[in-house]
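I'd like to ask some things about the structure below.
In listed order, ligands and their atoms are each counted from 1.
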Amino acid sequence: MLAAGASAAGARTASSEPAAATAAATVAARVVPVPAAVRAGGGAFRLTRGTAIEVAGAGTGPGAGGDAAGPAGAGAPAGADGARGTAVPASAAGVAAYAASLLRPPTGYPLPVVALPRATAADRAGGIVLALGDADRGLGEEGYQLRTGARSVVISARTPAGLFHGVQTLRQLLPAAVESRTAVPGAAWTVPDADIRDVPRYAYRGAMLDVARHFLTVAQVERYVDELALYKVNTLHLHLTDDQGWRIAVGSRPRLASYGGSTQVGGGPGGFYSQDDYRTIVRYAASRFLTVVPEIDGPGHTTAALASYPDLDCDGKAPPLYTGTKVGFSSLCVPKAETYAFLDDVIREIAALTPGPYLHIGGDEAHSTSAADYVAYMDKVQPIVTRYGKTVIGWHQLDAAHPVPGALVQYWGTSGRAPEVVAAAKAGTRVIMSPASRAYLDMQYAPGGPPGQHWAGYVEARTAYDWDPASFLAGLPAGAVYGVEAPLWTETVRTGADLDHLAFPRLPGIAELGWSPAATHDWNAYRVRLAAQGPRWQRMGIGFYRSPQVDWPAS
Ligand code: NGO
């Protein structure tokens, strides 16, 4: 089997496996993240009016119910004609319903979802087959196989998450018109010949939304979740609190949201998620196999909290709400007991609302907190997180304190030199890579804006893609990197159009770094499949930045 990225070159040279090389080259020219391995399948498969989506082994096999943490999304029943925007259960049948909801509108075909009797071998069935319970243990929690043949395309996996990722690959193998939400008559719905075996490089593949600087509605977050799912991102980090706003209702501290959430950068009305809103986001994300990581930033970035509850301030006086974009001027009062009563209330409630394993405690830019107070704060907040059953994530400054066993830090520097991160990694603290000069989606592509900033440099499509998470930080021990994340800070993001422009086309590059094997890493091959995404985004209504580094096809 050929590594898909490497095979694009192989296809141009003489190959002892021309059919495999052709299949691999076709897949490598279309699918982001590029699959780990591709060889020739049993022929191209064409969807027709008579095609069914067949589910084999539904509800059986390891991981049934999904590896996305938490309860399955309670939405449309399996087989319902749910449009995008409907949460479907995190089960094989739910994935089939999701696939139907993607494929029915553009094809205009009925695509009924049917359960295959257990006795029917998946490879003898016809149509689109989703088979849960693949014997290949190497597929792990998220891997899948996709094999085409004249009568069927069979996606098999050990978990519903794997099936879901396989459906995203199927989606990208079909023509871009598949993203149309209305029927496209005359389109040829052909899946090219391929036999794909695909597993992720990293377990944690994240994207962050800063809903504090500018509030984003539940619908905006759900739309982003759908876009993340297309690129096999499995984690949604929500930066819920900052100087400019507190965006999540806390029952025991109601003023945090009602007052602390009442404005944003520039002085707009702000907003916050009720606990039901937050549950809705968590459930929707789970239906797309994404885990939500809530962030409660501290001890800095806390004006909204201090303004709402002045006892948290050492001088007991409420600062005014803040609508500017400076950082590093606020701090919770570290010596006061009240600070930890507050953190206990907040973390207890957020942890209870969050089925995923992580809770992010921030810890960046505490420039108004003394170094000793910073360490004292981190020593007290981390045990609260673990007491409520969550794994700590912090920005990498946490490494200057005492990360608790099992904690993860998120590196957001620019230089690639961070001795304290390397030292902590050697002691077992895992690292999520978000170097600002590569992975920050709020950086401008080139001079010009808004939207975007450029304190970490200009980050063109190639810059965002052309780095290796494993080697960016000098001296990091092998295996210390747990994953990658693309944060989108929103100081300058005022509209959905701003968000689209900053996230696309860079987001898929970070997603590919997180999923595809290092051996496939090649800008020249990547830019071809990235270009193929443009017509999809047009049909999805995503106003992306037309990077001059990419030969975008005429739509
Ligand atoms: C920094 C800062 C944020 C800003 C962001 C803007 C981190 C971790 N803290 O990243 O407050 O919004 O840059 O790019």
>> I need the nearest protein heavy-atom contact for atom 10 (O) of ligand 1: residue, atom name and distance, please.
In response: Tyr440 OH, 2.8 Å
> Counting N and O atoms only, with roles assigned by atom type, does the side chain of Asp242 sit under 3.5 Å from a partner on the main chain of Gln244, one being a donor and the other an acceptor?
Replying inline: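 Between the backbone of Gln244 and the side chain of Asp242 there is no qualifying donor-acceptor contact (under 3.5 Å).
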>> Does Arg430 qualify as a cation-pi partner of Tyr482, given the criterion of NZ or CZ under 6.0 Å from the six-membered ring centre and within 45 degrees of its axis?
In response: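 Yes, cation above the ring, under 6.0 Å and within 45°.
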> Ignoring hydrogens and geometry, is there a side-chain-to-backbone donor-acceptor pair from Lys336 to Asp313 under 3.5 Å?
Replying inline: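 The answer is yes, because a donor-acceptor pair under 3.5 Å joins these two groups.
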>> Against ligand 1, does Gln410 come closer than 4.0 Å with any heavy atom?
In response: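 No heavy atom of Gln410 comes that close to ligand 1.
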> For the residue pair Tyr440 and Ser434, what are the closest heavy atoms and their distance?
Replying inline: CE1-O, 3.5 Å
> Is it true that the NZ or CZ of Arg255 lies under 6.0 Å from the centre of Tyr259's six-membered ring and within 45 degrees of the ring axis?
Replying inline: yes
> Can you check whether Asp442 has an N/O within less than 3.5 Å of an N/O in ligand 1?
Replying inline: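 Right, the criterion is met.
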> atom 2 (C) of ligand 1: which protein heavy atom is closest, and how many Å away?
Replying inline: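 Heavy-atom neighbour on the protein nearest atom 2 (C) of ligand 1: Glu365 OE1, 3.0 Å.
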>> So does Gly298 get a backbone contact from the side chain of Thr302, meaning a donor-acceptor N/O pair under 3.5 Å?
In response: no
>> Counting non-hydrogen protein atoms only, what is the nearest one to atom 9 (N) of ligand 1? Give residue, atom name and distance.
In response: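 For atom 9 (N) of ligand 1, the nearest protein heavy atom is Asp364 OD2, 2.7 Å.
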> Among protein heavy atoms, which sits nearest to atom 13 (O) of ligand 1, and what does the distance come to when rounded to 0.1 Å?
Replying inline: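 Answer, as residue, atom name and distance: Trp455 CZ2, 3.5 Å.
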> Has ligand 1 got any nitrogen or oxygen that is less than 3.5 angstrom from a nitrogen or oxygen of Arg213?
Replying inline: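 For ligand 1, there is an N or O atom that lies under 3.5 Å from one belonging to Arg213.
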> What protein heavy atom is closest to atom 1 (C) of ligand 1, reported as residue, atom name and distance in Å?
Replying inline: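 Here the nearest protein heavy atom works out to Trp412 CZ3, 3.4 Å.
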>> Under 6.0 Å from the ring centre and within 45 degrees of the ring axis: does the NZ or CZ of Arg279 meet both conditions for the six-membered ring of Tyr284?
In response: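 Pair Arg279/Tyr284 does not count as cation-pi.
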> What protein heavy atom sits nearest atom 12 (O) of ligand 1, and how far away is it?
Replying inline: Glu491 OE2, 2.6 Å
> Looking only at atom types and distance, does a side-chain atom of Asp297 sit under 3.5 Å from a main-chain N or O of Thr241, one as donor and one as acceptor?
Replying inline: no
>> Please list, in number order, the atoms of ligand 1 under 4.0 Å from a heavy atom of Gln453.
In response: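 It comes down to these atoms of ligand 1: 6 (C), 14 (O).
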>> Within ligand 1, which atoms have a heavy atom of Met443 less than 4.0 Å away?
In response: 14 (O)
